[in-house]
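All remarks here apply to the structure that follows.
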Number of protein chains: 2
Amino acid sequence: MSKKHHLAKIEIADLSEEQQQNWQQVRDLLTSHLERKNQRKTPERYAILKAIYSLDEHFDIDHLYKLFKEKQFSVSKATIYNTLEVLLDAGLVKKHQFGQVQAYYEKSFFNSNHDHIIMLDEEKIVEFCDPRIEAIKKDFEEALDIEIESHSLYFYAKKKSK
Amino acid sequence: MSKKHHLAKIEIADLSEEQQQNWQQVRDLLTSHLERKNQRKTPERYAILKAIYSLDEHFDIDHLYKLFKEKQFSVSKATIYNTLEVLLDAGLVKKHQFGQVQAYYEKSFFNSNHDHIIMLDEEKIVEFCDPRIEAIKKDFEEALDIEIESHSLYFYAKKKSK
DNA sequence: ATCCCTGCAAACGCTTTGCACATGA
DNA sequence: TCATGTGCAAAGCGTTTGCAGGGAT
């Protein structure tokens, strides 16, 4: 199938120099993950990973789907969903449920732990980090004898000055 | 419609003495909210509010729907959705998006501000409260000149000792 | 040559919507 | 009366699934 041959050398996104360097690392991380899990190294998986790491914002499935469509590489939504599951498992992307609607994702490597402030009156998401969150987690882990595997924290805010 | 007459005196739930007292207050809160908004005081709205305040845990729409069905009072899901919107607006219930699936709700009056620890290996949700959350909010409000209207914080945890 | 992965479309599950009828004010 | 609320069923929408064919190993 000729389409596949295209995909093999797909350059879905032009990467900046920094992204170029990161890409090598991330690609290798996916490779070793797939080998460890005995999963196939399909061109789709690398293409999707690369597309994600070329984005600097949060995105949803449809965003990604349209990106591929524009670039003339058709990747089905089913595959995107599947692949994101794999990348999630590999720790290379993070999934968010900002609103009540669809899920949002973001790359998670070279992108340290942070939480989000959702700006309600504009289409903007601010990332922040505060050590007190980890402190709270640690305290409750000890107090309740539990292990907190993950957390989700969102602040929903509006601009104050007008 | 005879069904309505039943609803008017509906006792969907047997309330404990404490709940009985709270019920008076909550009912009045709904009443004044509806009057303020020029919305109708329908028996369904009071029945749903009462049912919610008789529950001590988090619930979803279907839970509520089945509760009414069991008790022989049919209230349509559309009405439940509508009414929850009203109660949300009145500040009498809170909406949560725990997993990726459907929304969960809980009564929010007589039920002070708290966050949740979702126990992953059992069907349990632990409520907790920590003043540091408010401190963080306040700090970011000042630092970014924003007003944080609400937040959602969930810890996903497992029991440590086995 | 396997059998996993992809693509397509249909199914799914929660939520929303449209419309006719009922009802609170 | 009459605008609003309710009930029912259909539509929406993001996500998942089933299956047939393709491709990685």
Side-chain angles (χ1 to χ4, degrees), chain A residues 1-10 30-31 33-49 58-66 68-69 72-90 95-105, chain B residues 1-10 30-49 59-66 68-69 72-90 95-105:
Chain A
M1 211 207 213
S2 62
K3 212 194 299 174
K4 295 302 162 189
H5 291 251
H6 284 277
L7 260 179
K9 26 183 146 164
I10 179 176
L30 176 57
T31 300
H33 174 81
L34 292 174
E35 285 171 354
R36 194 163 3 96
K37 294 262 180 168
N38 279 315
Q39 291 180 298
R40 292 185 182 163
K41 310 190 197 73
T42 67
E44 286 85 355
R45 286 175 175 168
Y46 287 95
I48 291 170
L49 181 67
H58 304 80
F59 59 91
D60 57 29
I61 298 286
D62 203 54
H63 186 151
L64 220 46
Y65 180 69
K66 282 176 180 155
F68 276 92
K69 227 174 180 177
Q72 325 254 24
F73 303 107
S74 90
V75 175
S76 77
K77 282 202 176 173
T79 298
I80 297 181
Y81 276 105
N82 285 337
T83 301
L84 279 173
E85 216 53 49
V86 172
L87 298 180
L88 233 47
D89 189 36
K95 187 174 183 177
H96 294 287
Q97 206 75 35
F98 290 145
Q100 318 297 339
V101 265
Q102 83 269 39
Y104 282 85
Y105 300 83
Chain B
M1 210 208 218
S2 62
K3 214 194 296 174
K4 295 301 159 188
H5 291 251
H6 284 278
L7 260 180
K9 26 183 149 168
I10 180 176
L30 176 57
T31 300
S32 47
H33 174 81
L34 292 174
E35 284 171 354
R36 192 161 6 95
K37 295 261 181 168
N38 280 315
Q39 291 180 299
R40 292 185 183 164
K41 311 190 196 73
T42 67
E44 285 86 354
R45 289 174 173 167
Y46 286 96
I48 290 170
L49 181 68
F59 60 90
D60 58 28
I61 297 286
D62 203 55
H63 186 151
L64 219 47
Y65 180 69
K66 282 176 180 154
F68 276 92
K69 226 173 179 179
Q72 325 254 23
F73 303 107
S74 91
V75 175
S76 78
K77 281 201 177 174
T79 299
I80 296 181
Y81 277 105
N82 284 336
T83 301
L84 278 174
E85 215 54 48
V86 172
L87 299 180
L88 232 48
D89 188 37
K95 187 173 182 175
H96 294 285
Q97 205 74 34
F98 289 144
Q100 317 300 339
V101 266
Q102 82 269 38
Y104 282 85
Y105 300 83

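Reminder, nothing fancy here: chain letters follow the sequence lines and each chain counts from 1.
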State whether [X] places a side-chain N or O below 4.0 Å from either non-bridging phosphate oxygen (OP1 or OP2) of [N].
| X | N | result |
| --- | --- | --- |
| B/Thr42 | D/dT4 | no |
| B/Thr79 | D/dG5 | no |
| A/Lys77 | D/dG14 | no |

Can you tell me how far apart [atom1] ([X]) and [atom2] ([Y]) are? Round to the nearest 0.5 Å.
| X | Y | atom1 | atom2 | answer |
| --- | --- | --- | --- | --- |
| B/Leu64 | B/Ile80 | CG | CD1 | 5.0 Å |
| A/Leu84 | A/Ile61 | CG | CD1 | 4.5 Å |
| A/Leu87 | A/His33 | CG | NE2 | 8.0 Å |

Rounded to the Å, how far apart are [X] [atom1] and [N] [atom2]?
| X | N | atom1 | atom2 | answer |
| --- | --- | --- | --- | --- |
| A/Phe68 | C/dT6 | CZ | C1' | 13 Å |
| A/His96 | D/dG14 | NE2 | P | 19 Å |
| B/Leu34 | C/dG24 | CG | P | 13 Å |
| A/Tyr46 | C/dC5 | OH | P | 12 Å |
| B/Lys37 | D/dT4 | NZ | C1' | 15 Å |
| B/Asp62 | C/dG13 | CG | P | 11 Å |
| B/Gln97 | D/dT15 | CD | C1' | 14 Å |
| A/Tyr65 | D/dC13 | OH | P | 16 Å |

Is there any protein nitrogen or oxygen under 3.5 Å from a nitrogen or oxygen in nucleotides 2-4 of chain C, and what are the pairs?
from  : atom 1 : to      : atom 2 : distance (Å)
C/dC3 : O2     : A/Arg40 : NH2    : 2.8
C/dC4 : O4'    : A/Arg40 : NH2    : 2.9
C/dC4 : O2     : A/Arg40 : NH1    : 2.4

Given axes from five pairs at either end, by how many degrees does the helix from C/dA1-D/dT25 to C/dA25-D/dT1 bend, rounded to 10°?
30°

Closest to the A/Gln102 side chain: D/dT15, D/dA24, D/dG7?
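Closest of the options to the side chain of A/Gln102: D/dT15.
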
Between D/dG7, C/dG7, D/dA24, which nucleotide gets closest to the side-chain atoms of B/Ser76?
D/dG7

May I ask you to decide if the ring planes of A/Phe59 and A/His63 are parallel, tilted or perpendicular, using 30° and 60° as cut-offs?
perpendicular

Min side-chain heavy-atom separation [X]-[Y] under 4.5 Å:
| X | Y | value |
| --- | --- | --- |
| B/Arg45 | B/Asn82 | no |
| A/Lys37 | A/Val86 | no |
| B/Leu34 | B/Thr42 | no |

For A/Thr31, which residues count as a side chain to side chain contact (heavy atoms under 4.5 Å, CB included) partner, sequence neighbours excluded?
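With sequence neighbours excluded, A/Thr31 shows a side chain to side chain contact (heavy atoms under 4.5 Å, CB included) to A/Glu35, A/Lys41, A/Tyr46, given in chain and number order.
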
Just jot down the side chain to side chain contact (heavy atoms under 4.5 Å, CB included) partners of B/Ala103, sequence neighbours excluded, or say none.
B/Lys95, B/Gln97, B/Tyr105

Stretch residues 80-89 of chain A: residues that reach within less than 4.0 Å of DNA chain D through a heavy atom:
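When residues 80-89 of chain A is checked for heavy atoms under 4.0 Å from DNA chain D, the hits, listed by number, are A/Tyr81.
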
On a heavy-atom basis, the closest approach of A/Gln102 and A/Asp60 is NE2-OD2, 2.9 Å

Taking it one step at a time, do B/Lys77 and B/Asp62 satisfy side-chain contact (heavy atoms from CB on, under 4.5 Å)?
CA-CA 8 Å; B/Lys77 281 201 177 174; B/Asp62 203 55; 2.8 Å; yes

Output all residues satisfying side chain to side chain donor-acceptor pair (under 3.5 Å) with A/Gln39, sequence neighbours left out; order by chain, then residue number.
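Partners of A/Gln39 by the side chain to side chain donor-acceptor pair (under 3.5 Å) criterion come out as none, since no residue qualifies.
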
